[in-house]
2 protein chains.
Amino acid sequence: MESSQEQNKLNSEMLEKLVNNQPPEEVLYEVAELFKVFGDSTRIRILYALFGNELCVGDIAEVLSMSQSSVSHQLRILKDAKLVKFRREGKSIFYALDDDHVYHIMEMGMEHVEE
Amino acid sequence: MESSQEQNKLNSEMLEKLVNNQPPEEVLYEVAELFKVFGDSTRIRILYALFGNELCVGDIAEVLSMSQSSVSHQLRILKDAKLVKFRREGKSIFYALDDDHVYHIMEMGMEHVEE
DNA sequence: TTATCATATGTTCATTCGTTCATATGAATA
DNA sequence: TATTCATATGAACGAATGAACATATGATAA
């Protein structure tokens, strides 16, 4: 892991304090998993298409010029991450953004990029 | 892309409007790239270690029980994404979170997960 | 200038991931 | 009930990615 002569800048007391202040491993992992879902341009495009709109799968595919299969696969990932919700209406299934967190996280991303 | 008999829920006027309302492809791509950086538990751990602390590479490695090489590689990715900044002090290089966006994005992630 | 310490970089390898194609499910309608 | 339409699922393939190991860079101190 480290060479034996490594000279750290922090003493062991502060190091230990930092180690203990880390959130539980599980939480960090889940946060990473969440952002991983946002980390694909196809899914970002889908999320933006749903920004303020409720759309069925076929329409998303048409708006984004994607195959139905691809959209459906990605919607499943978004669904599992609780980023979108859906309801059935006849043969169609309509998707929408799940809650305000999704809006806010995307807005944050836009802000950081547009600098 | 779609079967010839596909019956969309939206008329072509609304579809076109949606298509035109999408942010530029480049922006969506950059947003995805940004979140991709957050989408790895190793990098999330590093970012959390830097939450309010300025640390040098060796200390990050020690705090997180990671190899120096691995930390350095990930720091480069964080640096390229402008999520961390750094300054040299003697032989050491100290890293810190770059701006408030980073804090806010992570806080959003935590909030969404802790529900 | 040479040796040393802290950090960075290059390469390889195993794994993950997104897309595509084919097919299955399942609700609505004839 | 049989057919059709909308969506979901499974398998396969290629591309991207993170970790590990070895090595390079570059600043400092002897």
Side-chain angles (χ1 to χ4, degrees), chain A residues 1-10 28-29 32-47 50 54-81 84-96, chain B residues 1-10 28-29 32-47 50 54-81 84-96:
Chain A
M1 282 306 190
E2 77 262 23
S3 78
S4 53
Q5 314 113 297
E6 189 168 321
Q7 189 89 18
N8 286 111
K9 293 299 165 185
L10 298 175
L28 295 174
Y29 189 78
E33 288 302 304
L34 173 66
F35 285 123
K36 200 172 290 180
V37 177
F38 283 97
D40 175 76
S41 59
T42 297
R43 288 190 289 269
I44 288 285
R45 292 176 74 221
I46 293 177
L47 290 173
L50 296 176
E54 192 187 39
L55 297 175
C56 68
V57 180
D59 285 337
I60 296 173
E62 177 126 350
V63 168
L64 303 181
S65 302
M66 294 174 54
S67 72
Q68 176 272 323
S69 176
S70 200
V71 171
S72 186
H73 275 295
Q74 299 304 334
L75 282 173
R76 196 167 84 84
I77 293 173
L78 294 170
K79 203 165 32 175
D80 289 348
V84 298
K85 57 188 175 183
F86 62 99
R87 68 179 176 83
R88 178 178 280 276
E89 183 182 307
K91 285 185 242 174
S92 298
I93 299 183
F94 283 84
Y95 283 85
Chain B
M1 283 305 194
E2 78 264 22
S3 77
S4 53
Q5 314 114 298
E6 188 168 322
Q7 189 89 19
N8 288 109
K9 291 299 165 186
L10 298 175
L28 295 174
Y29 188 78
E33 287 303 304
L34 173 66
F35 285 122
K36 201 173 289 181
V37 177
F38 284 98
D40 175 75
S41 58
T42 297
R43 288 190 290 268
I44 288 284
R45 290 177 74 221
I46 293 177
L47 291 172
L50 296 176
E54 193 186 38
L55 298 175
C56 69
V57 180
D59 285 336
I60 296 172
E62 177 126 352
V63 168
L64 302 180
S65 302
M66 293 173 56
S67 72
Q68 177 272 322
S69 175
S70 202
V71 171
S72 187
H73 273 293
Q74 299 304 334
L75 281 174
R76 195 168 84 85
I77 294 173
L78 293 170
K79 202 165 32 174
D80 289 348
V84 298
K85 57 188 174 184
F86 63 99
R87 67 179 177 84
R88 178 178 280 277
E89 184 181 308
K91 284 185 243 175
S92 298
I93 298 183
F94 284 84
Y95 283 84

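Summarising the geometry of A:Leu50 relative to A:Tyr95, their closest heavy-atom pair is CD2-O, 3.4 Å, with the distance given to 0.1 Å. Of all non-hydrogen atoms in B:Thr42 and B:Gln74, the two that sit nearest each other are CG2-CG, 3.9 Å. Across all non-hydrogen atoms, the minimal contact from B:Ala32 to A:Asp40 is CB-C, 3.6 Å.
Using a distance-only test at 3.5 Å, with no hydrogens or angles considered, no donor-acceptor pair links the side chain of A:Arg45 to the main chain of A:Leu47. B:Arg43 places a side-chain N or O within 3.5 Å of a backbone atom of B:Lys36 that can act as its donor or acceptor partner.
A:Ile46 has its side chain out of reach of A:Val84: every pair of non-hydrogen atoms, C-beta onward, lies at least 4.5 Å apart.
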Starting at the 5' end of nucleotides 20-30 of chain D, put B wherever the base has a protein heavy atom under 4.0 Å, S where only the sugar-phosphate does, and a dash everywhere else.
BBB----SS--
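Atom CD in A:Glu62 sits roughly 12 Å away from atom P in D:dA6 (whole-Å rounding). With rounding to whole Å, B:Phe94 atom CZ is found 12 Å from C:dA8 atom P. Between B:Tyr29 atom OH and C:dG18 atom P there is a gap of 13 Å when expressed in whole angstrom units. Distance B:Asp80 CG to C:dT9 P: 9 Å, rounded to the nearest Å. Per the geometry, CD1 belonging to B:Ile93 stands 17 Å off P belonging to C:dC5, to the nearest Å. Look at CG on B:Asp40: it is 13 Å from C1' on D:dA16, rounded to the nearest Å. Straight-line distance from the CZ atom of B:Arg87 to the C1' atom of C:dT7: 15 Å, rounded to whole Å. Distance CG (A:Leu75) to P (D:dA6): 16 Å, rounded to an integer number of Å.
Heavy-atom nearest nucleotides on DNA chain C were determined for A:Gln74 and for B:Arg76, and the one closer to the 5' end corresponds to B:Arg76.
Nucleic acid contact for A:Phe86: none, since no nucleic acid atom lies under 4.0 Å from a heavy atom of the residue.
More than 12 heavy atoms of other shown residues, nucleotides or ligands fall within 6.0 angstrom of atom CZ in B:Phe94.
OP1 or OP2 of D:dA6 has not a single side-chain nitrogen or oxygen of A:Tyr95 nearer than 4.0 Å.
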